Amino acid sequence: MSTLTSALTRFVRTGARTVRPLMSELVDTLATLVHRILTFIETWLVGGKHAQYGLAVTRILLGLTALGLLATNFRTRYYAFGSGSAWNGEAAQPLSDFPQIPLFSLFNRVALNDVSFTALYLLLAWLAILFTLGWRTKIVLPIFFVGWVSFIEMNDSLGDQGDNMFRITLLALLFADTAKRWSLDARRRADTAAQTGPWLLRAWRGAPLLPSWVTNLSHNLVLVAVTAHVCFVYASGALYKAGGAPWQHGYAIYNPLQTQRFGSWPELSDLITAWAPVVTIVSWSSIILQMCFPLMLLWRPTRIVGLFGITSFHIGIAVLMGLPWFSLAMIAIDAIFIRDATWRSVTDRIGRAWREAREDDESPPPRRKGTGQARERGPTRTPATERVTASG
């Protein structure tokens, strides 16, 4: 019995001495892994601003979306948002909570005054142009955000999910540097004189006023927030579609394309919905694409496929269902997933093609052969021997 006890004791001691270094190595490995992850996150968040070109494209396309929506509704602005829509009761008792907030109630206050409403309408369009061009973005964007929310929430029945995405993304962009590239602010910042002077003057010129680690952190957290929001919208939309019988049976896109409200091109809608397999493929592929989109962003080859597919999806909605501004807003938001290196490569190629075209236009035309070419070179001289012969 004593022999068995001693053997068991030696086994336990040996096992303990064996496990102790293994556990130490495991703890060291986990600590190293956690340190690397935290270092990567810290470097990514604070080291520099990411998606500078992508956010610039988002700014430009969102500005064009707002400008397009305002331009296409200008002729019907009174009937859709102004005094002509008073019959729906929104002017007296808005369905949305935003007009009840003083900050976002400006358009609702002047809705029944056509002159004041038109003046604010044109002012909002001008702010959209300035926002698109990136002029004094830190000042223009907050004013444009307040004006846009005040305008778009006037008639709740005319809104769609694109308006929600537009408003939420615009709120997030208040904390990002969307004018770092492709903007008038970027050209102004390149001037060294913009970095000097009093605080208010530097703020007016668009110079950074906070430490770089604060602005970088805010900028990159906006990217994280917008990415999470987009992934949630696509995934939740796919789950919602998958629970409906039209999507399960593969005929979901047939119904809206055959309605008068969304069938903006009846001939094209009939052509697409004429063959049942195409209807089923498009219906099911939209669910699969939206569900897999968040995971497809993790690897560059699948991200390219996902972005191409989701962009085609939105273009189809814009053309077939007559929702161009919703689609353009979603494409604008998806632009942040394209790498800066890709945007720079596209820009360099376009710039190179532009310079080559200008050089071709500025180069002199080729000389023609024949008498014209001879006249351009001037009269030919007679050899000396021929002159002597002629004189003799």
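Worth saying up front: this structure is predicted, and the values here are computed from it rather than measured. Count residues from 1 along the sequence.
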Any non-hydrogen side-chain atom of [X] less than 4.5 Å from a side-chain atom of [Y]?
X	Y	answer
Ile331	Ile315	yes
Val214	Val46	no
Val230	Met165	yes
Thr259	Asn255	no
Leu62	Phe131	yes
Leu103	Val149	no
Met291	Lys241	no

Return yes if some donor-acceptor pair links the side-chain N/O of [X] with the main-chain N/O of [Y] below 3.5 Å, else return no.
X	Y	result
Trp247	Trp284	no
Asn108	Pro99	no
Ser269	Trp265	yes
Ser24	Arg20	no
His219	Phe175	no
Ser183	Ala186	yes
Ser83	Leu112	no
Ser218	Thr215	no
Thr302	Trp299	yes
Asp340	Tyr53	yes

Measure the spacing between [atom1] of [X] and [atom2] of [Y] and express it to the nearest 0.5 Å.
X	Y	atom1	atom2	answer
Phe107	Ser116	CZ	OG	11.0 Å
Lys49	Ser212	NZ	OG	8.5 Å
Lys180	Asp177	NZ	CG	6.0 Å
Ile253	Ile272	CD1	CD1	7.0 Å
Gln248	Ile287	CD	CD1	8.0 Å

Is [X] atom [atom1] crowded by more than 12 heavy atoms from other residues, nucleotides or ligands, each under 6.0 Å away?
X	atom1	result
Tyr254	OH	no
Arg344	CZ	yes
Trp44	CH2	yes

Show, in sequence, the C-alpha distance, side-chain angles and deciding distance for Tyr121 and Phe151, and conclude whether the ring-ring contact (aromatic ring centres under 6.0 Å, His included) test is met.
CA-CA 8 Å; Tyr121 196 97; Phe151 165 75; 5.5 Å; yes

What pairs of residues pass the ring pair (Phe, Tyr, Trp, His ring centres under 6.0 Å) test when at least one of them lies in residues 320-345, not counting sequence neighbours?
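Non-adjacent pairs meeting ring pair (Phe, Tyr, Trp, His ring centres under 6.0 Å): Phe293-Phe337.
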
For residues Thr273 and Gln258, is any side-chain donor paired with an opposing acceptor at under 3.5 Å?
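Their side chains do contain a donor-acceptor pair, which is all the 3.5 Å distance test asks for.
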
Distance-minimising heavy-atom pair for Thr58 and Ala332
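Minimum heavy-atom separation between Thr58 and Ala332: OG1-O, 2.7 Å.
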
Grab the two heavy atoms, one from Thr132 and one from Ala128, that are nearest each other, plus how far apart they are.
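Residues Thr132 and Ala128, closest heavy atoms: OG1-O, 2.7 Å.
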
So Phe166 and Trp148, would you call those rings parallel, tilted or perpendicular, with 30° and 60° as cut-offs?
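Answer is tilted, since the angle falls between 30° and 60°.
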
Apply side chain to side chain contact (heavy atoms under 4.5 Å, CB included) to the pair Trp126 and Phe144, showing each step before the final yes or no.
CA-CA 9 Å; Trp126 178 245; Phe144 174 67; over 6 Å; no

Please determine if Arg77 forms a cation-pi arrangement with Phe81, meaning its NZ or CZ atom is less than 6.0 Å from the six-membered ring centre and no more than 45° off the ring axis.
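No, Arg77 does not lie over the aromatic ring of Phe81.
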
